[in-house]
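Structure record follows, encoded as C-alpha cells.
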Amino acid sequence: MEIPKAYDPKLAEEQHYSRWEASGYFAPEINKDADAPVYSIVIPPPNVTGSLHMGHALQHTIMDVLTRYHRMRGYRTLWLPGEDHAGISTQIQVEKKLRKEEGLTRHDLGREKFLERVWEWKERYGGEIINQMRREGASVDWSRKRFTMDEGLSRAVREFFVRMYEKGWIYRGEGLINWCPKDRTALSDLEVDKVEKKDGKLYYLQYPVKDSDRRVTVATTRPETMLGDTAVAVSPKDERYRDLVGATLLLPVVNREVPVVADDFVDPEFGTGAVKVTPAHDPNDYAMGRRHDLPQIKVIDSQARMTAEAGAEFEGLGRYEARDLVVAKFEEAGLLEKVVDYEFSISKCARCGDVIEPLLSVQWFLKQAALGQQPLELMRERHEPRFIPENPYEKVYTNWLEGLYDWTLSRQLWWGHRIPAWYDEAGRVFVARTEADARRAAGTDNLTQDPDVLDTWFSSALWPISTLGWPDETPDLKTFYPTSVLVTARDIIFLWVARMMMTGVEFTGERAFDDVFITGTIFDKHGQRMSKSKSNGVDPLEVFDKYGVDATRIVLAATGTTDTRWNDTQVESYRNFANKIWNAARFCLMNSEGAYVGEGFEGDPKSWALHDRWIMSRLQRASYDVGRALESYDFHAAVQTLYHFFWDDFCDWYIELSKADVTVTEATLARNDARSRVLTILEQALRLLHPFMPFITEDLWQRLPGIGSHFLHSAYKDAEPTIMLTSYPQARMGLIDERAEADVQSLIELVSRVRNIRSEMNIKPGEPVRIMIAAPDADARAVFESGAQQIARLVRASDILIGETINAPRASARAVLAGGAEVAVPLEGLIDFAKEHERLNNERGKLEKEAAKLEAQLANSNFVERAPAEKVEELRQRLADLAQRTRQLTQTVEALSE
RNA sequence: AGCCGGUUAACUCAGUCCGGUCAGAGUGCCUGUCUUACAAACAGGAAGUCGAAGGUUCGAAUCCUUCACCGGCUACCA
C-alpha cells in the first residue's frame with residue numbers, strides 16, 4: 001500500500017466532509033434505533049455580518065466533539081446550525097455599501113427597496129461563518145439550518161410578542177432609554193459598554209439663590225445638560241443645605257427658576273453635596289424627577305444636538321459645542337467655580353462606540369422581572385441549568401435574574417422583525433399576529449404599522465424553541481427539546497442565555513438546556529483580548545492552513561473552560577501528534593498483509609502475549625478515562641489521556657514490542673495474528689480520537705483492511721462504512737490486567753535503565769552490548785526470559801543472560817531494578833570506572849534522599865500515632881523497598897571499587 | 001464599592017473540590033542518533049523553596065486568614 005511518509009492534512013480535509021454531508025450522516029434521521037436516547041445542541045447563531053474568529057472555532061470544536069461523541073454512543077443526535085440577522089450591524093454594513101457605491105442613503109431608496117437590498121446582501125455576503133464550519137468539520141445538520149428572519153422564526157417572534165402583550169408584560173410607554181446618536185436607535189442596557197474616561201473633567205457651577213446673595217454650587221461632568229435642569233437636590237440630612245430645601249434657584253444662562261429638593265439619593269459626602277437634576281437626560285435624575293414631580297425638559301435631540309428648548313443660542317449645536325458654550329457663559333458670569341480633572345466612566349454604544357445619550361422617548365418594553373421568575377425558581381429549586389464551570393457562572397446567572405428590569409425592545413431600524421403593532425387614526429394601538437387580525441380588532445383597514453423593529457436578541461431569545469418549530473408542536477420540538485447543552489462564551493450569559501431560559505420555560509414549561517458550557521477566552525500571546533481594532537486576532541483559517549484542522553481542533557478542545565494565551569507552538573505539537581498517528585498507521589498498514597481488524601484479536605485472550613494483554617488493559621483504562629472525562633466536560637483530561645495512550649503506550653511500547661512478530665516476512669498464522677492485533681488496537685484508538693480529530697481518523701480508518709458496515713454502531717447499520725458511525729469504545733473492565741501492567745512496567749524499567757547506561761557511558765547507538773539480568777524472583781525471571789528477544793531489540797543487545805544471580809565482570813555498568821532484580825552491562829575496555837562510580841553514587845544519593853524523607857516522617861511519633869494505619873504501613877513498605885535498593889546499590893558500588 | 005477568577009519549570013498549561021507516590025505534561029534547552037512507521041522522529045538528561053506572609057494539621061501547591069500583582073463581571077460615581 002502506497003502511503004506518503006508525512007501527513008498532509010489538506011488531502012484528508014478535502015475528501016471526507018462532502019461525503020459525510022451528502023450521505024446524511026449529520027442528520028438525526030441516520031439513527032434507526034427507535035429507542036435511541038436523544039442528544040441535541042443548537043448553535044449560538046453567529047451574525048450574518050461576522051467572520052470566523054478563534055472564539056467561534058473554540059465553541060464549534062467543543063460542540064462538534066460532544067456531537068460526534070454522542071452520535072458514536074448511539075444517541076439520536078442533532079446539532080442545529082443557523083445565523084442571526086444582526087439588526088444594527090447588517091443595516092450599517094448595507095448602508096455603507098450603498099453610500100459608497102451609489103451615493104445613496106437608505107431614505108433615498110425607501111424602506112421596502114432598502115430591505116430588498118439587505119436581503120440581496122445577506123444572500124451574497126452573509127453566512128461567511130456558517131459556511132466556514134464545513135472547513136472545521138462541524139457535523140451540523142444542514143437540512144435544519146435556520147435564520148432568525150426566516151418565516152417560521154419570524155412567526156415565533158410575533159407570537160412571543162403578542163402573548164407577552166396580552167399578559168401585560170410587554171407595554172409601550174415613555175421611558176429614559178439608552179440612545180445611540182450615531183446609529184439613531186434605542187438600545188438596551190446590555191448593549192452599552194461602560195468605558196473609563198481618563199481625561200474627564202468635573203465642572204463646578206454656581207446657581208444663585210433667588211432673592212439672596214447665596215449661591216449653590218453643583219458639580220457635573222456634563223455642563224450642557226444644565227439647560228434642562230429642573231431642580232437641585234440635596235440630602236435631607238445635610239445641615240449645610242437644610243435651610244435651602246424648598247428655596248428657589250435662578251438657573252443661569254436660561255434664567256429659569258428651579259426648586260431645591262431633598263432626596264436620599266444625594267450623597268452629602270460627594271462633590272458639593274448638591275446635585276443638579278436633569279430628569280430628561282440622566283437615569284438618576286429621571287428617577288428623582290418622578291419622585292418630586294419635576295418637569296422634564298428635553299434639551300438634546302436624537303442626533304445629540306441641542307433642541308429649541310435649550311434656547312435660541314444653543315439650538316442646533318452639538319452636545320460638545322454646547323458644553324463649551326455653557327462653560328464659557330458661566331465663566332463670563334463669574335459662576336464657574338472651578339474645573340477639575342476627573343476620571344469617570346461613560347456609556348458607549350457596544351456596536352459603534354459612540355457616546356450614549358440617555359433620552360426620554362416612547363418605546364416598547366418587556367417586563368423581564370416577570371418573565372425571569374420561572375427561571376429563577378428553576379435554579380433555586382432544581383438547580384437548572386447546570387453551568388460548567390459552576391463557579392462563578394451559576395451565581396452570576398442567579399444574581400442577574402434577581403435584579404431584572406424592563407428591557408427596551410424597540411429599535412429605530414428597518415432591518416429586523418417589525419413590531420406587530422398597528423395604530424388607527426385615533427392613535428389606538430392594536431397588537432396582533434397579523435395585520436388582518438389587527439384590522440379585525442380595530443374594525444378598520446386604515447391602520448399604520450409601528451415603524452420600529454425589535455431588538456435582535458428578542459428573536460435570539462427564542463432560538464432553541466423557534467428553530468425546532470415553535471409555536472407549532474412539531475415532532476422536532478417534542479424530540480429535541482429541552483436541548484442537552486448550550487456552549488457559548490461568557491459575555492452573553494445575560495444578553496442571551498438567561499433570555500433563552502426565560503422564553504423556554506415560559507412557553508414549554510421546561511428548561512431550554514440541561515447544561516450550559518461556558519468556554520474560556522483565547523487571548524493573544526501577550527494576554528490581550530483579540531479584537532479587530534487591535535488587529536491582534538489570530539485567524540483560525542490561517543491556523544488550519546498551517547497546521548491542519550485536526551491539530552487546531554484538539555488544541556482548542558483541550559482549552560475547554562480555561563482562559564488561554566494563544567500560542568502556535570501548541571498547535572505545532574499536535575500537528576506532530578497527527579503526523580505520529582499517520583505514521584503509526586502507516587507502519588500498521590505496511591504490515592497488514594494477511595491481517596484484518598477485529599474479531600481475531602477479541603476472540604481468544606489466552607493466545608495473547610504479555611504485551612497484548614498489557615495494551616488491551618491500557619486501552620480499557622484509556623477508554624474509561626476518556627469516556628468519563630467527556631461525560632464531565634473535562635476535555636483537557638480527555639485529550640491528555642488520548643495523547644499519552646496513543647504516543648506512549650501504543651507507539652513507543654506496543655508497536656515496538658510487537659515489531660519482531662509483525663515484521664516477519666513469512667505469512668505465518670502467528671504473524672498474521674500479531675498484525676491483526678496491532679491493527680485492531682489502532683482501529684480502537686482512531687475511534688477514540690475521532691470526535692477530536694475527525695479528518696485524519698476517517699482517512700486512516702477507511703484504509704484499514706476488512707472494515708465495513710459491520711463495524712458501525714447498531715443504530716446505523718444501514719449506513720455506508722464510516723468511522724463517525726462506529727460505536728465509541730467503552731471500557732471492558734474485565735480486560736484490565738493489573739498483572740500484565742506490572743510485568744510490562746518491569747520490562748519498561750529494565751529497558752530504560754539499560755538505555756540510560758548506554759547513554760551515560762557514551763556507547764554508540766549502533767554498538768551492540770551484552771546484558772546480564774539477575775532476578776531472584778521466579779515470576780520476574782520468567783517475564784524477562786519470555787521478553788528476552790524484545791528486550792534485546794529495544795536495547796540493542798547482542799546477548800542476554802538471565803539468572804537467579806549473575807556473575808558479572810567487574811567492568812560492568814549496573815542498575816538496580818524493582819523487586820530486587822539487577823541488570824549489568826559488561827563493558828570491557830569501554831567502561832570509565834570513575835564515571836560509573838559517580839553515576840551509581842548519584843543514583844544512590846537520590847534513593848537515600850527519598851528514604852531520609854520517609855524515615856523522618858516515620859520517626860515522628862505524632863505521624864505514626866495519628867495518621868491512618870494504612871498510610872503508615874504504605875510508607876513503611878516504600879521505605880523497605882528503598883532500603884533494599886540502596887543496599888543493593890551499595891554492594892554494586894563496593895564491587896566496582898574492589 | 002461588591003462579587004469572582006488567576007498567580008505552579010524559560011513559555012503555554014494540568015494538578016487545588018475530596019491534604020499524604022503530586023511536584024506533572026507539551027514546547028523550549030543540553031547530549032547523542034537519518035536504528036527500514038515517523039528528524040513533524042528516536043534515545044538520554046538538566047530544570048520549579050507551586051505569588052508573599054501567617055495559621056490549621058502528624059503532614060499543605062491543595063484547607064483558613066491577610067497581603068501583593070494581573071484579569072473579569074456587576075452596580076454607582078452627580
Side-chain angles (χ1 to χ4, degrees), chain A residues 3 5-7 194 202-203 218-222 225 232-233 265-267 270-278 282-285 288 342-345 389-393 395-396 399-400 403 490-491 493-494 520-521 523 525 527-529 547 551 555 558-559 562-570 572-591 634 636-637 639-640 643-644 647 651-652 655-656 659 663 751-752 755-760 762-766 793-796 850 854 857-858 860-868 871-872 874-875 878:
Chain A
I3 304 167
K5 204 166 162 179
Y7 173 54
K194 297 287 166 89
L202 189 61
Y203 301 84
V218 296
T220 180
T221 54
R222 301 198 58 194
T225 63
V232 166
F265 165 77
V266 181
D267 174 6
F270 190 88
T272 64
V275 183
K276 62 190 277 305
V277 184
T278 323
D282 180 277
N284 292 312
D285 294 5
M288 267 197 283
Y342 183 62
E343 221 175 90
F344 63 105
S345 57
E390 191 173 308
N391 267 319
Y393 301 115
K395 209 163 153 189
V396 163
N399 290 347
W400 173 256
R490 64 171 80 107
D491 52 355
I493 291 178
F494 309 139
T521 306
F523 300 100
K525 68 170 75 160
Q528 299 288 309
R529 190 173 279 277
Y547 302 105
V555 166
T559 294
T562 312
D563 288 354
T564 309
R565 297 181 183 205
W566 185 261
N567 201 333
D568 272 7
T569 59
Q570 299 166 72
E572 197 180 332
S573 77
Y574 279 93
R575 188 260 327 246
N576 296 352
F577 181 51
N579 192 53
K580 189 73 181 177
I581 296 170
W582 180 261
N583 276 291
R586 184 163 171 263
F587 170 79
C588 297
L589 291 168
M590 283 166 69
N591 295 285
D634 190 351
H636 185 273
V639 169
Q640 287 300 305
Y643 186 93
H644 291 294
W647 203 313
C651 293
D652 286 353
I655 287 184
E656 295 304 329
K659 223 167 219 176
T663 53
V751 168
S752 300
R755 282 172 172 174
N756 175 259
I757 287 170
R758 293 188 59 115
S759 177
E760 296 275 321
N762 294 321
I763 295 162
K764 294 231 162 20
R793 185 184 181 95
L794 293 176
V795 304
R796 296 217 145 209
E850 211 182 322
L854 290 176
Q857 205 170 349
L858 285 165
N860 183 339
S861 58
N862 275 325
F863 171 73
V864 180
E865 281 160 28
R866 302 199 192 189
K871 186 56 71 182
V872 177
E874 186 187 318
L875 257 57
R878 270 167 59 198

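In the text below, chain A, chain B and the rest are named by the order of the sequence lines, each starting its count at 1.
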Any side-chain N or O of A:Asn762 under 4.0 Å from OP1/OP2 of B:U31?
-> no
Counting only side-chain N and O atoms of A:Thr569, is one of them less than 4.0 Å from OP1 or OP2 of B:C11?
-> no
Rounded to whole Å, the CD1-C1' distance (A:Ile757 to B:G45) equals 15 Å
Determine the contact category for A:Gln857: base if any of its heavy atoms lies under 4.0 Å from a base atom, sugar-phosphate if only primed atoms, P, OP1 or OP2 are that close, otherwise nothing.
-> base
Whole-Å distance, A:Ile3 CD1 to B:U36 P, equals 18 Å
Would you mind classifying the nucleic acid contact of A:Lys5 as base, sugar-phosphate or nothing, using non-hydrogen atoms under 4.0 angstrom?
-> sugar-phosphate
Between A:Lys580 and B:C38, does any side-chain N or O lie under 4.0 Å from OP1 or OP2?
-> no
Within the sub-3.5 Å range, which N or O atoms of nucleotides 70-76 of chain B have a protein N or O partner, and how far apart are they?
{"from": "B:C76", "atom 1": "O3'", "to": "A:Asn284", "atom 2": "ND2", "distance (Å)": "3.4"}

From CA spacing to verdict: side-chain contact (heavy atoms from CB on, under 4.5 Å), A:Tyr547, A:Asp568 = CA-CA 9 Å; A:Tyr547 302 105; A:Asp568 272 7; 3.6 Å; yes
Whole-Å gap separating C1' (B:C42) and CG (A:Asp652) | 9 Å
Spacing of A:Ile763 atom CD1 relative to B:U33 atom C1', expressed in whole Å | 14 Å
Within the structure shown, what part of the strands sits under 4.0 Å from A:Lys395 by heavy-atom distance: base, sugar-phosphate, or nothing?
-> sugar-phosphate
Separation of the C1' atoms in B:C4 and B:A9, to the nearest angstrom = 28 Å
When rounded to whole Å, the CG to P distance for the pair A:Asn862 and B:G59 reads 7 Å
From CG of A:Asp568 across to C1' of B:G28 the rounded distance in Å is 15 Å
Remember a base hit wins even if backbone is also touched, and classify A:Glu656 as base, sugar-phosphate or nothing at under 4.0 Å, heavy atoms.
-> base
Is A:Cys588 touching bases, backbone alone, or none of the nucleic acid, heavy atoms closer than 4.0 Å?
-> nothing
Cation-pi check, A:Lys659 to A:Phe587: give yes when NZ or CZ is under 6.0 Å from the six-membered ring centre and within 45° of the ring axis, no otherwise.
-> yes
Can you find a side chain N or O atom of A:Asn591 that sits less than 4.0 Å from OP1 or OP2 on B:A37?
-> no
